[in-house]
Amino acid sequence: MHNIKALTEIYLLSLCDALITSQKSTFGYVAQSLGGLKPWILQKAYGETIPDPPCQRLMSMEPCFHYPPKHDCMGNGIVNITLLFPHIRNCEDVNSGFKLVNLS
C-alpha cells in the first residue's frame with residue numbers, strides 16, 4: 001500500500017504546471033521528469049544566509065543520478081564520466097552526481 005501511495009503522489013506532482021522541490025528530492029525529480037518539466041530546485045540556506053536567487057532552474061528534465069559508481073572495472077581508479085560522454089554533466093545540486101543533458 002505504501003508503494004501505491006508513493007506512486008500516486010509522484011503522479012499527482014507530475015501534473016503540476018510548475019514544481020519547486022528541494023535538493024536531492026527523489027519524488028521531485030521523478031515527478032518533473034514524468035511531467036516533462038525542467039526542474040526548479042530550492043537552494044539550501046546556510047545559517048542566516050539565504051542564496052540569491054533562492055531557486056535555480058536546472059539544465060534538463062532528466063533526474064540526477066546522485067550516487068554513481070566512481071571506479072572503473074579494471075584499475076579501480078576514479079573515473080570522471082562527464083569527460084567521456086558529451087551528453088552527461090554533473091548535477092547542479094549534487095556535484096558528485098550526473099545527469100543527461102541535451103546540448104542543442
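The structure displayed is predicted, hence computed values, not measured ones. For reference, positions follow the sequence shown, starting with 1.
For Glu92, the salt bridge (Lys or Arg N to Asp or Glu O under 4.0 Å) criterion is met by Lys99, not counting sequence neighbours. Applying the side chain to side chain contact (heavy atoms under 4.5 Å, CB included) criterion to Leu83, with sequence neighbours excluded, gives Asn80.
For residues 44-61, the side chain to side chain donor-acceptor pair (under 3.5 Å) pairs, not counting sequence neighbours, are Gln43-Gln56.
At a threshold of 4.5 Å between non-hydrogen side-chain atoms, the residues Leu7 and Tyr11 do not count as touching. Val101 is not listed as a side-chain neighbour of Ile88, based on a closest heavy-atom distance of 4.5 Å or more.
Note: the hydrophobic cluster containing Leu13 does not contain Ile20 (ILVMFWY, side chain heavy atoms under 4.5 Å, direct or indirect links). By the rule that hydrophobic residues join a cluster once side-chain heavy atoms approach within less than 4.5 Å of another member, Leu12 and Leu19 end up as members of separate clusters. When hydrophobic clusters are built by joining Ile, Leu, Val, Met, Phe, Trp and Tyr residues whose side-chain heavy atoms come closer than 4.5 Å, directly or via intermediates, Phe65 is grouped together with Leu84. Tracing side-chain contacts under 4.5 Å through hydrophobic residues (I, L, V, M, F, W, Y), one reaches Leu100 starting from Phe98; they form part of the same cluster.
The heavy-atom pair separating Leu42 from Gln23 by the smallest distance is O-CG, 3.8 Å.
One distance of note links SG of Cys64 with CE of Met59; it measures 9.0 Å at 0.5 Å rounding. Atom OG in Ser25 sits 8.5 Å away from atom NE2 in His66 (nearest 0.5 Å). Taking CG from Leu34 and CG from Leu15, the interatomic distance works out to 9.0 Å, rounded to the nearest 0.5 Å.
Here Ile50 is tied to no hydrophobic group at all, with no ILVMFWY side chain closer than 4.5 Å. Other members of the hydrophobic cluster containing Leu58, listed by chain and number, are Tyr29, Ile41; membership follows side-chain contacts under 4.5 Å among ILVMFWY residues, whether direct or relayed. Listed by chain and number, the hydrophobic cluster partners of Met61 come to none, as no ILVMFWY side chain reaches under 4.5 Å of it.
A distance-only check finds a donor-acceptor pair linking the side chain of Gln32 to the backbone of Trp40 [under 3.5 Å].
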